[in-house]
Amino acid sequence: MSRDGGLHVAIIMDGNGRWAKRRGLPRTLGHREGVKALRRTVEGAPDIGVSTLTVFGFSTENWRRPMTEVSELMNLLKAYVESDLDRLAREGVKVTILGRRTGLRPDILEIIERAERRTENNTRFRLQVAFNYGGQADLVDAARKFAEAVARGEARPEDLDEQLFESHLSTAGVPTPDVIVRTSGERRISNFLLWECAYAELVFQDVYWPDYGPDHLAAAVGEFRSRERRYGGVTTDDVLATG
Ligand code: FPP
């Protein structure tokens with residue numbers, strides 16, 4: 001849970017391709033509708049008690065898709081930031097892009113940096129877009145940063161614990177997700193937030209991402225609230241019952 005008491009929900013926005021295929025449309029149109037779903041979901045999130053949203057926009061594995069689709073996904077991130085940045089900034093949204101910057105086009109790098117710089121002091125809501133992100137790559141990068149600190153003589157191997165390791169991840173400083181949602185009926189984590197998912201509730205929703213919106217997010221949060229969270233320990237009730 002975030003410091004402000006709001007929930008952190010992370011979403012694997014899946015099913016854009018199938019949504020389009022079912023309508024006889026090109027996959028890229030599914031992604032375009034996916035941006036609209038993202039916009040609706042971000043807008044509705046604060047009223048549902050969500051204060052951080054992390055979405056999987058482009059994975060390190062997505063480079064294997066046809067060049068036209070890769071370039072469409074890049075263009076969509078750019079178009080989304082260009083059209084929504086003013087409003088996001090005005091509404092107090094802090095935008096962060098998770099993932100590797102290497103390999104991204106200069107215009108994409110520029111737009112990412114612009115969005116982050118413009119919104120860095122915002123505190124009302126946090127939007128993290130995982131883009132060119134892979135959970136394993138993020139763990140490797142964190143390990144490398146720590147190893148480099150050791151090589152420079154700034155840290156010792158025995159200093160490393162969970163807290164220090166976490167401080168090298170691209171999600172450092174952000175409370176881990178309470179809920180990870182995957183849409184479209186698939187039930188895999190697909191290299192998303194591998195460290196951060198340790199205690200998250202997993203919610204799978206049978207809706208293609210382009211059809212998603214605040215009602216679906218509210219349902220996911222409702223599912224989360226109905227589950228008991230134990231963090232590997234016991235609940236207050238258990239302690240009272242056993243003495
Ligand atoms: C999965 O659908 C979705 C993606 C690979 C990308 C998600 C991207 C967006 C919602 C739009 C643009 C992103 C941003 C950051 C503004 P899929 O293509 O794997 O669907 P399928 O499994 O049905 O083929």
Side-chain angles (χ1 to χ4, degrees), residues 9-45 52-89 93-101 103-105 107-116 119 125-135 137 170-171 180-193 204-214 216-217 220:
V9 179
I11 309 183
I12 302 175
M13 310 182 285
D14 196 11
N16 294 349
R18 277 162 287 163
W19 181 93
K21 191 172 175 198
R22 187 176 270 189
R23 286 163 178 75
L25 299 168
R27 295 177 55 79
T28 49
L29 263 181
H31 296 315
R32 274 186 221 176
E33 288 302 313
V35 175
K36 294 183 193 165
L38 176 61
R39 190 174 286 128
R40 286 194 294 275
T41 306
V42 171
E43 273 170 20
T52 301
L53 207 56
T54 302
V55 294
F56 209 173
F58 188 88
S59 76
T60 44
E61 288 71 40
N62 286 154
W63 291 105
R64 296 188 203 130
R65 295 190 177 202
M67 257 315 288
T68 46
E69 187 170 341
V70 168
S71 126
E72 173 74 6
L73 287 166
M74 300 284 154
N75 293 340
L76 281 176
L77 175 72
K78 187 173 168 185
Y80 174 66
V81 172
E82 277 171 347
S83 65
D84 286 38
L85 186 57
D86 277 346
R87 195 173 40 78
L88 292 169
V93 179
K94 182 181 170 86
V95 181
T96 319
I97 314 295
L98 310 176
R100 283 186 176 158
R101 301 285 157 104
L104 294 177
R105 283 175 358 208
D107 59 325
I108 301 297
L109 285 175
E110 193 274 325
I111 201 100
I112 286 175
E113 279 155 24
R114 191 185 331 152
E116 290 189 332
T119 61
F125 188 85
R126 188 189 284 273
L127 173 63
Q128 302 189 107
V129 182
F131 203 84
N132 195 20
Y133 174 89
S170 64
T171 52
I180 298 183
V181 170
R182 182 169 192 152
T183 61
S184 89
E186 301 291 336
R187 291 167 173 251
R188 287 185 302 282
I189 205 81
S190 294
N191 204 13
F192 190 40
L193 303 176
F204 302 103
Q205 294 182 288
D206 281 334
V207 52
Y208 291 143
W209 177 253
D211 289 328
Y212 206 84
H216 297 97
L217 183 64

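Excluded from the calculations below are hydrogen atoms, water molecules and symmetry mates; all remaining heavy atoms, backbone and side chain alike, are included. Whatever order the structure lists ligands and atoms in, that order sets their numbers, starting from 1.
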Ranked by distance from atom 12 (C) of ligand 1, the top protein heavy atom is V35 CG2, 3.7 Å

Could you establish whether S184 and ligand 1 come within less than 4.0 Å of each other, counting only heavy atoms on the residue side?
no

Residue portion contacting ligand 1 (non-hydrogen atoms closer than 4.0 Å) for V55
neither

Which residue holds the protein heavy atom closest to atom 19 (O) of ligand 1, what is that atom called, and what is the gap in Å?
R65 NH2, 2.8 Å

Report yes if the side chains of I108 and I112 come closer than 4.5 Å at any heavy-atom pair, otherwise no.
yes

Would E110 and K78 pass as an ion pair if we require N to O under 4.0 Å?
no

So is there a nitrogen or oxygen of W209 less than 3.5 Å from a nitrogen or oxygen in ligand 1?
no

Is any NZ, NE, NH1 or NH2 atom of the basic residue among E33 and K36 found under 4.0 Å from an Asp or Glu carboxylate oxygen of the other?
yes

Heavy-atom nearest neighbour in the protein, as seen from atom 9 (C) of ligand 1, with distance rounded to 0.1 Å
N16 ND2, 3.7 Å

Residues that R105 engages under salt bridge (Lys or Arg N to Asp or Glu O under 4.0 Å), provided they are two or more places apart:
D107

Quickly, which of Y80, F131, F192 forms a ring-ring contact (aromatic ring centres under 6.0 Å, His included) with F58? Name it, please.
F131

Please examine the side chains of L73 and H31, heavy atoms only from C-beta on, and report whether any two atoms are closer than 4.5 Å.
yes

Sub-4.5 Å side-chain heavy-atom contact between V129 and L98:
no

Show which atoms of ligand 1 fall inside a sub-4.0 Å distance from at least one heavy-atom site of N62.
5 (C)

Of all the non-hydrogen atoms in the protein, which one sits nearest to atom 3 (C) of ligand 1, and at what distance?
M13 O, 3.0 Å

Is the shortest N/O to N/O distance between R27 and ligand 1 below 3.5 Å?
yes

Does any non-hydrogen side-chain atom of R187 lie less than 4.5 Å from one of R182?
no

Identify the closest protein heavy atom to atom 6 (C) of ligand 1: which residue and atom is it, and at what distance?
G57 O, 3.4 Å

Which residue supplies the protein heavy atom nearest to atom 20 (O) of ligand 1, what is that atom called, and how far is it?
G17 N, 3.0 Å

Given W19, Y80, F58, Y212, identify the one with the heavy atom nearest to atom 16 (C) of ligand 1.
Y80

Relative to the heavy atoms of H31, which atoms of ligand 1 are at a distance of less than 4.0 Å?
11 (C), 18 (O)

Please check this pair: side chain of N75 against backbone of S71, looking for a donor-acceptor N/O pair closer than 3.5 Å.
yes

For atom 15 (C) of ligand 1, grab the closest protein heavy atom and report residue, atom and distance to one decimal in Å.
V129 CG1, 3.6 Å

Measuring only between side-chain heavy atoms, which start at C-beta, is R27 closer than 4.5 Å to E72?
no

As an exercise, identify every atom of ligand 1 less than 4.0 angstrom from a heavy atom of L77.
15 (C)

